[in-house]
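To start, the structure under review is shown below, and the notes come after it.
Positions are given from 1 along the sequence.
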Amino acid sequence: MISTETQTCESYKSLLKEDFCLPLMTLNHSALINNCRWMQDYADAANVKLAPHGKTSMCPELFKMQLDHGAWGMTLANSYQVKIAYDCGVRKILMANQLVGKGNIQTIIQLLRNDSEFEFCCLVDNQDNVDQLNQQAAELNSPLQVLIEIAPAHGRAGLRSSKEVIELAQYIKYSAPYIQLAGIECYEGVIHSCDPIPDVDKFLHHVAKITARVEELGLFDVEQLILSGGGTVFFDRVAEILGKIKLQSPYELLIRPGCYISHDSGIYGEFQNQLKARDPLARTIAGDLESAIEIFTYVQSLPEPGLAILNIGKRDVSFDSGLPFPKELFSPSTEKLSELNENWQITDLNDQHAFMNFPKESTVKVGDIICCRISHPCLTFDKWPQIALINDDYQVIDFIESRFEKINHLNGVHND
Ligand SMILES: Cc1ncc(COP(=O)(O)O)c(C=O)c1O
């Protein structure tokens, strides 16, 4: 169990003393605690609930940290992830995705059937899916809760128009007795225009209008509705717009940021700067998100002047939203730690190698340790089943697991 105090202790082994194999993904413990606190403080101040997206880390220890800081429950993306989170003790889950196919539906139905305390809802945007869910939910004691997903044009899954949403809500009410319409969900993070805020706001107003209309028509089937939107990029707009809908029924608004837990020094660092520039509420929250995630790697070859080959590659670090960038160099022979500037750059990655350019006049030796910052946590976490939690002195205070395994739990391969 990780303590909430950042610890420094002579007895901990150090990354800089080469006590561990590298490359290694690390998370700075105090930065994680800071990020949990910052986002929870924001949610509290905005009067919304925080349902962190667990797919970013899939680390049960981090789920616990997020829940201990006051999160409503966890968001997850598929039945494998829901099962892992449930097995690790999470009892309130929004699956922010459609639950499709007999095996996936059965995985969830079995959890609900065996545990009446387990709270779960998933998304729907199609009558055939509602039929399939309805058929299997018949074996539950209480109806399966769903939210209708609304998406912008050219977005991802989700209905586009008010007419489609109302038709599906009517279908659920009149033709799917084992399904309960509990609210509305959207994911505005799929909007990637050059000047996204007007488009995000327009879309969220569209969602708000449809929600009010579905309520007016009496198509929701719960006393307290759930509305949900918001990743790490536009959660402020979701809180502002969906938080102000005038409805007859009380509702909980769940925001679902995932990447804030580790944050980064790339795209999410930039998104957070933009958020703080536009959102007065964010500026009232003490401190700021901090990048907690780094990859420690070795210089393994110096084949040409100004070129170092590092022992990380595409198997170790995300590369979809920018390459990793070198931040510090530690020389085990001199025990000297140096900050690196922008003249030190990773220019390419192979599956197991990184190409790092550096100023020719600098001294670099094979065996030197390079600490890299990254851009986009989701696709880095999934490469590390074991992650080192470190303190500010580069000591490893614990190892935690990420759980991206996809295991079928519906026992056996033979028909009975
Ligand atoms: C449906 C949904 N909700 C929430 C999130 C979390 O957003 P972020 O990755 O920006 O933290 C995602 C991320 O892809 C998502 O797909």
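Without hydrogens or angle criteria, Ser375 side chain to Gly322 main chain gives no donor-acceptor distance under 3.5 Å. Side-chain atoms of Lys173 come within 3.5 Å of backbone atoms of Gly218 as a donor-acceptor pair (strictly under, hydrogens ignored). Panel note: side chain Asn28, backbone Ala292; no donor-acceptor pair is recorded below 3.5 Å. In this structure, the side chain of Asp201 does not engage the main chain of Pro198 through any donor-acceptor pair within 3.5 Å.
The pair Lys327-Glu294 meets the salt-bridge criterion, since a charged nitrogen lies less than 4.0 angstrom from a carboxylate oxygen. Ion pair Arg283/Asp279 not flagged as a salt bridge, since none of the NZ, NE, NH1 or NH2 atoms sits closer than 4.0 Å to an Asp/Glu carboxylate oxygen. Note on Arg213 versus Glu216: salt bridge recorded, some NZ/NE/NH1/NH2 to OD/OE distance being below 4.0 Å. Between Arg403 and Glu405 there is a salt bridge, with a side-chain nitrogen of the basic residue lying less than 4.0 Å from a carboxylate oxygen of the acidic one.
For the pair Arg91 and Tyr86, the cation-pi test (distance below 6.0 Å, angle within 45°) is passed.
Across every non-hydrogen atom of Leu24 and Ala388, the tightest pair is CD2-CB, 3.7 Å.
Between the CG atom in Asp264 and the OG atom in Ser291 there is a gap of 6.0 Å [rounded to 0.5 Å].
A centroid separation of less than 6.0 Å is found between the aromatic rings of Phe20 and Phe399.
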